[in-house]
Amino acid sequence: MATKNVLDTVAKKFIQIGLPKDLFERNRFNLLVDRNKIIVRYPAPGVRSEVIETPTGVKTKVYVEPGTKLEEPVTLCFGAAETTEVQTTEGEIVVGEGADVKFQVYGAMAEGIKLKHKNKLKVRVEKNARFEFLDLHYNGEDTFVELDTETDAYIGENAYFRSVFKQTRGRAGKVRIVLKAQVDKKGVAVFETKMIGKKDDEIYVEDVIHLNGEESRGISKSRIIAVDETKATFVGETYGNAPRCRGHIDCSEVIRGKDVTVKAVPVVVVNDETAKVTHEAAIGSIDKKQLETLMARGLTEDEAVDVIVQGMLR
Amino acid sequence: MAPLLTVNDVKLTIDGRPILKGVNLVVNEGEIHAVLGPNGAGKSTLASLIMGINDLKEPDSGEIIFQDKLVNGLDITERAKLGITLAWQEPARFEGITVEEYLKLSGRNNPELDVVECLELVGLDCSYLNRFVDDTLSGGERKRVELASVLAMRPKLAVLDEPDSGIDFASMEDIANMIKTMRDRGTTVLMITHREEIAEIADRATLMCDGKVVQTGNPKDVGQKFKTMCVKCEVRNPELVGGE
Ligand SMILES: Nc1ncnc2c1ncn2[C@@H]1O[C@H](COP(=O)(O)OP(=O)(O)OP(=O)(O)O)[C@@H](O)[C@H]1O
Ligand SMILES: [Mg+2]
C-alpha cells in the first residue's frame with residue numbers, strides 16, 4: 001500500500017473536484033484505488049474481500065457474510081489522479097442471505113485528466129438481503145472521461161437492490177451505462193440514474209429489468225439534464241414475466257439549449273396476464289412555473305435553473 | 001395611506017379576445033385588499049401582470065406602478081427585488097427540494113428569517129422541514145408551504161391567488177389569521193378569493209367582473225354587491241355590471 005505522501009497527493013486532487021474532505025480526514029475509505037494502484041485498504045466488519053492490481057486497473061471480489069448488518073456504508077473509491085489511457089475495474093459482489101449493507105462508491109477523475117474507464121460489475125443479492133449501491137461520480141470541469149460501465153445483477157427471493165448512478169460534479173464526458181437485473185420472487189430492483197451533460201457530452205443509459213419471480217418489482221428512474229450540445233439517450237426496458245409482478249419506468253429529461261439531442265425509449269413487455277408494467281417519459285425544458293416561482297422569490301433565472309436542476313439530480 | 005400599487009387603465013387582449021378591459025385599482029400600503037369576482041373575470045390574469053409571469057410582462061396599454069416605479073416590462077426577478085411576490089392558485093411542485101431549503105431560498109434576504117416560525121404560522125410543525133416540496137405533500141399542505149414561503153420572504157407586496165382554495169373549511173380561521181400576521185409584519189396583501197369569511201378580514205375589497213372593476217370599497221358592501229349582482233349575472237348581462 002502507498003505511503004502517506006501518495007495518499008495526500010491523491011486526496012488533494014480528489015477534494016479539488018468536490019469529494020468530501022471528511023472522507024480523507026476521518027479515514028473513511030475501505031478501499032481507495034488510483035488508476036491501478038491500491039492506496040488504501042481497510043476491511044469492513046462482516047465483509048470479506050479480495051483485491052488485485054492488474055496492468056490497467058483492479059479486480060475485486062467482495063463477499064458480505066450472511067446476516068451482516070452495517071450502520072455505516074462501506075466506502076470505496078475508484079479514481080484517477082493523473083491521465084492514463086485506460087482504467088479497467090472488474091468486480092463481483094455477493095451479498096449473503098439476510099445481510100443489509102450499503103456501498104458508497106466514489107468515482108473520482110481529477111481535474112484536467114483524460115482517460116477511458118471500463119467497468120464490469122456482477123452483483124448477487126441473496127434471499128432476504130438488502131443492498132444499496134450508490135455510485136457517485138466526480139469529474140473536473142476540464143476532465144474528459146469515456147466511461148463504459150455494465151452491471152449485471154441477480155436479486156434473490158424477497159431481496160432488495162437499489163443502484164444509484166449520480167453524476168455529481170463536472171463534465172459527464174462520453175458515458176455508456178448499462179444496468180441489468182434478474183429479479184426473483186418478491187425481490188425488488190430499483191435503478192436510478194441522475195446526470196447532467198454539458199457541451200458535447202454524450203450520455204447513453206440503458207436499464208433492463210427482468211421481473212422473473214412472482215410479485216417481484218422493478219423501478220427504473222432516470223433524470224437527465226442536457227445542456228449545450230449534449231446528446232442523451234435513455235433506454236428503459238422492463239419485462240413482466242411472472243404473476244403479479246410490477247414494474248415502472250420513470251424517465252424525465254430536461255433540455256436547456258437548442259442544440260441538444262435527447263431521446264427516451266421506454267420498452268414494456270408483459271408475458272403474464274397478472275403482471276403490470278407502466279411507464280412515463282417526459283422530455284422538455286425546465287418547468288416554467290417552477291422557474292417563475294423561484295424568480296418571484298427574488299432568484300435570477302440562472303439561479304432558479306440551478307436550484308431546480310440540483311433538486312432533480314439529488 | 002399612501003398607494004403602494006396602482007393599476008391604471010390596464011387593458012389586455014389574448015388571442016384577439018379582450019380579457020382586461022381597462023382595470024383601475026389602488027392598493028394602499030399596509031392594507032389587506034381582497035379581489036372578488038366570478039370565474040373568468042380576469043383576476044388571475046391581473047395578478048400575472050402584476051408579477052410579470054405567464055409571459056405577461058406588460059399590458060397592451062395602461063400602467064402598473066409600484067412605489068412610484070413603472071413595472072411594465074420588468075422581468076419577474078426585478079419585480080421581486082422591488083418587493084413584489086406572488087403565491088399561485090396551484091403552486092408548483094419541486095423534486096428534490098426540501099421545505100427547509102425552499103423557505104431559506106425564499107427568505108435569503110430576510111435577516112430575521114425563522115423558518116420554523118414561518119411553518120408554525122401556517123399550521124405546520126417542524127417535522128415538515130425535511131419533507132420535499134414535491135407531490136408527496138397534499139394539496140392543502142403545499143398551499144400552506146407556499147404561504148410560509150411568502151412569510152419567509154417578507155415582501156412589501158404579496159399577491160395571493162386564492163390562498164384559501166384547497167384548504168379545509170375548519171382551517172379558514174387559521175388562514176385568515178396568517179394573512180393578518182403577514183400584514184402585521186409589514187407586507188401589504190392583495191388577495192384573490194371566493195370566500196366571504198376570508199374577504200371579511202380585508203380592509204378594502206374590489207369586485208371584478210368581465211375584465212373590469214365594478215366596485216371598490218369596504219368588504220361587506222363589495223361582498224354584498226357580488227352576491228346580489230354577479231351570482232345572478234351568469235350570462236354576464238352587461239347592464240347589470242353597468243358596462244358597455
Ligand atoms: N393564456 C390564455 N389564453 C387564452 N385565454 C386565457 C388565457 N389566460 C386567461 N384566459 C382567459 O381569460 C379569462 C380570465 O381568466 P382568469 O384566469 O384571469 O380568471 P379568474 O378571474 O382568475 O377566474 P377563476 O376565479 O376561475 O380563477 C378567462 O376567460 C380565461 O379563459
Ligand atoms: Mg384565477
Side-chain angles (χ1 to χ4, degrees), chain A residues 134 136 162 164-169 190 192-196 219-226 234 248-256 264 278 280-314, chain B residues 47-48 50-57 74-99 101-110 113 118 130 132-135 142 145-146 148-161:
Chain A
L134 262 59
L136 309 173
R162 175 169 176 246
V164 179
F165 182 103
K166 235 192 226 191
Q167 172 68 38
T168 310
R169 277 282 189 96
V190 180
E192 291 175 37
T193 312
K194 302 187 172 191
M195 310 201 62
I196 178 163
I219 294 174
S220 151
K221 176 174 167 178
S222 68
R223 294 290 177 268
I224 300 172
I225 321 284
F234 171 78
H248 185 60
I249 302 170
D250 168 8
C251 151
S252 161
E253 294 178 76
V254 168
I255 51 178
R256 196 139 169 88
T278 49
E280 52 185 309
I283 299 182
S285 39
I286 291 205
D287 184 79
K288 200 165 121 202
K289 198 186 220 174
Q290 294 180 351
L291 207 57
E292 293 191 334
T293 300
L294 295 175
M295 289 170 75
R297 300 291 181 269
L299 276 71
T300 63
E301 184 169 344
D302 285 345
E303 286 171 337
V305 167
D306 215 47
V307 168
I308 295 163
V309 164
Q310 289 313 319
M312 288 185 73
L313 295 178
R314 190 173 202 151
Chain B
S48 301
I50 295 169
M51 191 75 241
I53 57 171
N54 285 328
D55 297 320
L56 294 178
K57 259 179 143 177
L74 294 186
D75 76 25
I76 304 166
T77 309
E78 288 171 309
R79 295 182 206 218
K81 287 189 170 156
L82 291 176
I84 308 175
T85 202
L86 179 140
W88 273 249
Q89 197 169 330
E90 286 281 338
R93 309 274 180 164
F94 296 92
E95 220 176 280
I97 298 174
T98 64
V99 168
E101 287 161 346
Y102 183 49
L103 297 183
K104 283 187 170 162
L105 277 171
S106 305
R108 61 181 185 165
N109 293 319
N110 173 4
L113 176 66
C118 293
N130 329 320
F132 287 105
V133 192
D134 59 10
D135 47 22
R142 178 66 191 90
V145 167
E146 204 52 17
S149 105
V150 174
L151 283 162
M153 181 181 173
R154 202 179 279 195
K156 288 181 187 145
L157 174 69
V159 181
L160 310 179
D161 197 350

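None of these values were measured; they are calculated from a predicted model. Here is the naming used below: chain letters follow the sequence lines, and residue numbers restart at 1 for every chain.
With respect to chain A, the highest number of heavy-atom pairs below 4.5 Å among B:L105, B:T98, B:I53 belongs to B:I53.
At a 4.5 Å heavy-atom cutoff, B:N109 makes no contact with chain A through either its backbone or its side chain. Both the backbone and the side chain of A:R297 come within contact range of chain B, each with at least one heavy atom under 4.5 Å from a heavy atom of that chain. Heavy atoms of B:N110 lying under 4.5 Å from chain A are absent altogether. Only the side chain of B:R108 comes within less than 4.5 Å of a heavy atom of chain A; its backbone N, CA, C and O stay farther away. Using a 4.5 Å cut-off between heavy atoms, B:I84 contacts chain A through its backbone alone, with no side-chain atom that close. Contact annotation for A:Q310: neither backbone nor side-chain heavy atoms come within less than 4.5 Å of a heavy atom of chain B. Using a 4.5 Å cut-off between heavy atoms, A:K289 touches chain B through backbone and side chain atoms alike. Both the backbone and the side chain of B:E146 come within contact range of chain A, each with at least one heavy atom under 4.5 Å from a heavy atom of that chain.
The two atoms that bring B:T77 and A:M295 nearest to each other are OG1-CE, 3.3 Å, heavy atoms only.
Side chain of B:R142 to backbone of B:A92: a donor-acceptor contact under 3.5 angstrom is found. Of the possible donor and acceptor atoms, none in the side chain of A:T278 sits under 3.5 Å from a partner among the backbone N and O of A:H248.
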Carefully, step by step, assess A:V309 and A:I286 under the rule side-chain contact (heavy atoms from CB on, under 4.5 Å).
CA-CA 8 Å; A:V309 164; A:I286 291 205; 3.8 Å; yes
